[in-house]
Amino acid sequence: MARVSWEQYFMNIAKESATRSTCDRKHVGAVIVRDKTILSTGYNGSIRGMPHCDEVGHLMENSHCVATIHAEANAILQAAKNGVRIEGAEVYITSSPCWNCFKMLANTGIKKIYYGEFYRDERIFDVAKRLGIELIHIPVNQAEL
């Protein structure tokens, strides 16, 4: 049996993280890595201690569920909560980051963003290029999420 690449390995872990998602509109997982070591993980879900979308429904504004904290934001928050430095790291996300999450990732000093499916916002490509952030597509079977 052939070993998977490091990139596929970490994307597989992001896919597994997505299975914890509690917003049934989209299951997304994220893994922050440096030097082949996992620093933090996240998935999309409600504020800690609040009811989850899959329990009480969605809080919708402009066709978006605003009750949900995105996977990459939760991974950043988990790292901050535990005092883990993520500057210079890479992130693996089952979907490309939305504009707000992309801005947070850029400001943390993340240098590579691996993503599964493309999700909504083309602005990330131009800004990533201007900032020297690599965006790398690794196809993900969304039916598995």
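Both backbone and side-chain heavy atoms feed into the values below; hydrogens, waters and symmetry mates do not. Nothing fancy with the numbering, it's 1 onward along the sequence.
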Where do S95 and K26 land on the side chain to side chain contact (heavy atoms under 4.5 Å, CB included) test, with the steps shown first? CA-CA 10 Å; S95 295; K26 186 157 195 66; 3.3 Å; yes

Derivation of the ring pair (Phe, Tyr, Trp, His ring centres under 6.0 Å) call for F125 and F118: CA-CA 11 Å; F125 296 106; F118 172 72; 5.6 Å; yes

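Remark: the E90 side chain and the Y92 side chain contain an N/O donor-acceptor pair separated by less than 3.5 Å.
Nearest heavy atom pair, residue I124 against residue L135, reads O-CD1, 3.6 Å. Taking every heavy atom of both residues into account, A73 and M104 meet most closely at CB-CE, 3.7 Å. Nearest approach of K81 to R48, heavy atoms of both residues: NZ-NH1, 3.1 Å. Taking all atoms of both residues into account, the shortest heavy-atom contact from K111 to G88 is CG-CA, 4.0 Å. Nearest approach of I138 to Q8, heavy atoms of both residues: CG2-OE1, 3.6 Å. Nearest heavy-atom pair across E72 and C101 is CG-CB, 3.3 Å.
The side chain to side chain donor-acceptor pair (under 3.5 Å) contacts involving residues 123-132 comprise D121-R123, where partners must be two or more places apart or lie in separate chains. For residues 37-46, the set of pairs meeting the side chain to side chain donor-acceptor pair (under 3.5 Å) definition, not counting sequence neighbours, comprises R20-Y43, S21-N44.
Classification of the Y9-W6 ring pair by plane angle, with boundaries at 30° and 60°, yields perpendicular.
Under a cut-off of 6.0 angstrom, the local environment of CG in D35 is sparse, with at most 12 non-hydrogen atoms contributed by other residues, nucleotides or ligands.
Counting Ile, Leu, Val, Met, Phe, Trp and Tyr side chains that sit under 4.5 Å apart, directly or through other members, I47 shares a hydrophobic cluster with M50, I69, L77.
A donor-acceptor contact shorter than 3.5 Å links the side chain of R34 to the backbone of R85. Here the side chain of T94 pairs a donor or acceptor atom with the backbone of G29 at under 3.5 angstrom. When atom types are taken as modelled, the side chain of H137 and the backbone of G116 share a donor-acceptor pair closer than 3.5 angstrom.
Between V91 and T108 the shortest side-chain heavy-atom distance does not fall below 4.5 Å. Put simply, the side chain of T68 reaches to within 4.5 Å of the side chain of C53, judged on heavy atoms. Using a 4.5 Å heavy-atom threshold, the side chains of I113 and E134 count as separate. Counting only heavy atoms from C-beta outward, the side chains of W99 and V127 approach each other to under 4.5 Å. Counting heavy atoms from C-beta on, the side chains of R120 and C98 never come closer than 4.5 Å.
Within the model, atoms CD1 of I86 and CD1 of I32 stand 4.0 Å from one another, a figure rounded to the nearest 0.5 Å. The structure places OG of S17 at 11.0 Å from CE of M11, a figure rounded to the nearest 0.5 Å.
Residues Y119 and I136 fall into different hydrophobic clusters, defined by Ile, Leu, Val, Met, Phe, Trp and Tyr side chains chained together at heavy-atom separations under 4.5 Å. A continuous path of hydrophobic side-chain contacts links I93 to I133 [ILVMFWY only; heavy atoms under 4.5 Å].
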